[in-house]
2 protein chains.
Amino acid sequence: MRSYAQFCPVARALDIVGERWALLIVRELLIGPRRFTDLRDGLPGIASNLLADRLRSLERAGIIERSELPPPAASTVYRVTERGRGLVPVIVELAVWGAPLLESGRGEDHFFGRWMTLLEVAVFRGVSTAGVAPLLVELRVDGEAARLDIREDGVQIALDAVGPADVVFIADGETAARILMRDIEVDDAVAQGLAEVIGEPDAAGRLRTLIGRVDGFRSSTA
Amino acid sequence: MRSYAQFCPVARALDIVGERWALLIVRELLIGPRRFTDLRDGLPGIASNLLADRLRSLERAGIIERSELPPPAASTVYRVTERGRGLVPVIVELAVWGAPLLESGRGEDHFFGRWMTLLEVAVFRGVSTAGVAPLLVELRVDGEAARLDIREDGVQIALDAVGPADVVFIADGETAARILMRDIEVDDAVAQGLAEVIGEPDAAGRLRTLIGRVDGFRSSTA
DNA sequence: CTGCATCCGCTTCGATACTG
DNA sequence: CAGTATCGAAGCGGATGCAG
């Protein structure tokens, strides 16, 4: 392990999660537990030996752990530990800072709908949920579903939510990004057939209210 | 430039600041403007060509900018832009997450007192400054001075502070780290001759109050 | 002296192939 | 499915050189 050898909290953190792919592996596992192959498929371009290396070092650092699923599904599953979950603020702040970089569009880049979940958490960070919470939102972006738990004290990924959500939001990746960055209004996107909001009128309205409270990132950047 | 080629705010952020040394260069420049040689000296182990490469790519990304000092001091100075200053939350969250990693002690690691400034900002993040602010603190850690601006709305690095501070805190690096992580009390450190707090009794008391409000990191980690 | 560029040995990465 | 093995390419670290 190559170290910066600095007595500095930032440098020591980067010694562990600063290597290529490390934080993206954590990102994937923050959204939910994954098997080796799932991770490889979800991180296009990573070499399998490199993934194995990273999983080992992240495990040694106490950030992730592996568990064997009982038969008949006998398989290895990776998940984040509590220490690993402590990286949420780091990743969210990176998402906040990186959000304006999505303006240039998707282009040829890879995309999975679940990545917008982090953008949601990032974009709703600091936004008041008063009058909106509690609300369980299901996001279906590019066919991939994730859930957001809107609570009085903030918004977070709902990892262990079961049952139906209060409201379902459906869109493709670029539309979701544009909505979150206030490049387009929810209602306009729906009117143009780019997005769909399904649920009780009250719940759907509360989701729109929340999105409406987002400031948008475009003004905050160069 | 190697890219992850993912339409994800985290991945796009890491495309820019995820390379080795990049965030540490920003860390240095967040503390204050620096010349090329200062940066190289402050980042032990970095190759000069690599530093030049990084400075170029960070400049292209709009994170830093170079300016020529007028004669007779004719020299190039690097400083962060507003966009670069937007990385403060990322670096502070990294410092928060990495703070427990300082527990193992300094060992053979390099150290500059200014690095504790970030730990201070990290550790005071979220701590109420009520009854303490406004307060201008000068930190002299391992002979290097930095200033903290304690305000009602939080604590930040005082980049352009002039004049005398309200209170001066003097310690070596490890003692400063131990105090901030609540491994030792300020008063005990002072009693043991490890630290010194100079200033009006009222101002010094307010600094102690603020430090006393810190929860400490040891419990929050594995 | 500062701000690099060049060269070189070493490490890491990426792609592919292969195995229990 | 969950990795390991291999190998060329790219990146890094250290030393040196050099122009302004």
Side-chain angles (χ1 to χ4, degrees), chain A residues 1-6 11 14-25 28-29 32-61 64-79 108-110, chain B residues 1-6 11 14-25 28-29 32-61 64-79 108-110:
Chain A
M1 182 191 88
R2 182 180 281 172
S3 166
Y4 288 111
Q6 296 184 359
L14 290 175
D15 279 343
I16 294 178
V17 297
E19 294 170 304
R20 190 161 168 78
W21 295 108
L23 277 178
L24 294 187
I25 291 170
E28 292 294 302
L29 293 178
R34 293 271 191 287
R35 291 173 303 176
F36 186 92
T37 321
D38 301 330
L39 285 170
R40 187 179 18 153
D41 295 344
L43 296 167
I46 195 173
S48 56
N49 60 344
L50 200 47
L51 176 56
D53 278 355
R54 291 291 180 271
L55 289 172
R56 261 190 298 270
S57 65
L58 289 173
E59 189 181 10
R60 255 189 294 108
I64 67 173
E65 61 191 1
R66 70 179 70 206
S67 53
E68 307 291 331
L69 288 189
S75 172
T76 315
V77 167
Y78 295 90
R79 64 185 73 243
E108 301 290 306
D109 285 2
H110 303 277
Chain B
M1 179 192 89
R2 181 183 284 174
S3 165
Y4 288 110
Q6 297 182 359
L14 291 175
D15 279 342
I16 295 178
V17 297
E19 293 170 307
R20 192 163 167 77
W21 294 109
L23 276 178
L24 294 186
I25 292 170
E28 292 295 301
L29 293 178
R34 295 269 189 290
R35 293 171 302 174
F36 186 93
T37 322
D38 302 328
L39 284 170
R40 178 162 38 107
D41 296 344
L43 297 167
I46 196 172
S48 59
N49 59 343
L50 201 47
L51 177 55
D53 278 354
R54 291 291 181 273
L55 289 172
R56 261 190 298 272
S57 64
L58 289 173
E59 189 182 10
R60 255 187 295 112
I64 66 173
E65 60 190 2
R66 70 181 69 208
S67 52
E68 308 290 332
L69 288 187
S75 173
T76 315
V77 167
Y78 296 89
R79 65 185 73 243
E108 301 290 308
D109 284 2
H110 303 277

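Numbered from 1 within each chain, the chains take letters A, B, ... in sequence-line order.
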Student: Just by modelled atom types, is the B:R20 backbone N or O under 3.5 Å from a matching donor or acceptor in the B:R54 side chain?
Tutor: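 At least one qualifying donor-acceptor pair exists.
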Student: Would you mind reading off the distance between A:M1 atom CE and D:dG13 atom C1', rounded to a whole angstrom?
Tutor: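 Answer to the nearest Å: 17 Å.
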Student: Using a cut-off of strictly less than 4.0 Å between a heavy atom of the residue and any atom of DNA chain C, enumerate the qualifying residues of residues 46-54 of chain A by number.
Tutor: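 By residue number: A:A47, A:S48, A:N49, A:L50, A:R54.
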Student: Can you confirm whether B:L39 sits close enough to B:L55 that some side-chain heavy atom of one is under 4.5 Å from a side-chain heavy atom of the other?
Tutor: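 In short, these two side chains touch, coming nearer than 4.5 Å.
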Student: Pick the nucleotide of DNA chain D nearest each of A:R66 and A:R2; which residue has the one closer to the 5' end?
Tutor: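 Going by which nucleotide is closer to the 5' end, it is A:R66.
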Student: For A:F36 and C:dT19, give me the distance from atom CZ to atom P, rounded to whole Å.
Tutor: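 Roughly 17 Å, once rounded to whole Å.
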Student: What integer distance in Å separates A:R40:CZ from D:dG3:P?
Tutor: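 Going from CZ in A:R40 over to P in D:dG3 covers 10 Å.
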Student: Just so I know, are the side chains of A:D15 and A:Q6 near enough to count as touching, which here means a heavy-atom distance under 4.5 Å?
Tutor: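 They are not in side-chain contact.
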Student: C:dG14, OP1 or OP2 - any side-chain N/O from A:W21 closer than 4.0 Å?
Tutor: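 Checking C:dG14 against A:W21, a side-chain N or O does come within under 4.0 Å of OP1 or OP2.
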Student: Starting at CG of A:L58 and ending at P of D:dG3, how long is that distance when rounded to a whole Å?
Tutor: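 Rounding to the nearest Å, CG of A:L58 and P of D:dG3 are 14 Å apart.
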Student: Can you tell me which nucleotide in D:dC1, C:dT11, D:dG3 comes closest to the side chain of A:T76?
Tutor: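 The answer is D:dG3, which lies nearest to the side chain.
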Student: Atom CG of A:L43 and atom C1' of D:dG3: how far apart are they, to the nearest Å?
Tutor: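 Atom CG in A:L43 sits about 16 Å away from atom C1' in D:dG3.
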Student: D:dG13 phosphate, OP1 or OP2: any side-chain N/O from B:R20 under 4.0 angstrom?
Tutor: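 The answer is yes; a side-chain N or O of B:R20 sits under 4.0 Å from OP1 or OP2.
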Student: Without decimals, in angstroms, what is the distance between A:L55 CG and D:dA2 P?
Tutor: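 One finds 11 Å between P of D:dA2 and CG of A:L55, rounded.
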Student: In whole Å, what is the span from the CG atom of A:L14 to the P atom of D:dC12?
Tutor: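 So the two atoms are 14 Å apart, to the nearest Å.
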Student: Can you measure A:E68 atom CD to D:dC1 atom P for me and round it to whole angstrom units?
Tutor: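 In whole Å, D:dC1 P and A:E68 CD are 15 Å from each other.
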Student: If the plane angle is over 60° it's perpendicular, under 30° parallel, otherwise tilted; pick one for B:Y78 and B:F36.
Tutor: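 B:Y78 vs B:F36 ring planes: tilted.
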Student: Is there side-chain contact between B:E19 and B:D53, with heavy atoms separated by less than 4.5 Å?
Tutor: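 They are not in contact (no side-chain heavy atoms under 4.5 Å apart), so the answer is no.
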Student: Mark yes or no for whether A:Y4, through its side chain, and B:W21, through its backbone, hold a donor-acceptor pair below 3.5 Å.
Tutor: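 It does hold such a pair.
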Student: Whether A:T37 contacts D:dA2 is assessed here as follows: a side-chain N or O lying under 4.0 Å from the phosphate OP1 or OP2. Is that the case?
Tutor: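 Affirmative; the distance criterion is met.
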Student: If you pin B:E19 and A:Y78 to their nearest nucleotides in DNA chain D, which one's is more 5'?
Tutor: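 Comparing both residues, the 5'-ward one is A:Y78.
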Student: Does the side chain of A:T76 reach to within under 4.5 Å of the side chain of A:E68, using non-hydrogen atoms?
Tutor: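 Of all side-chain heavy-atom pairs linking A:E68 with A:T76, at least one is under 4.5 Å.
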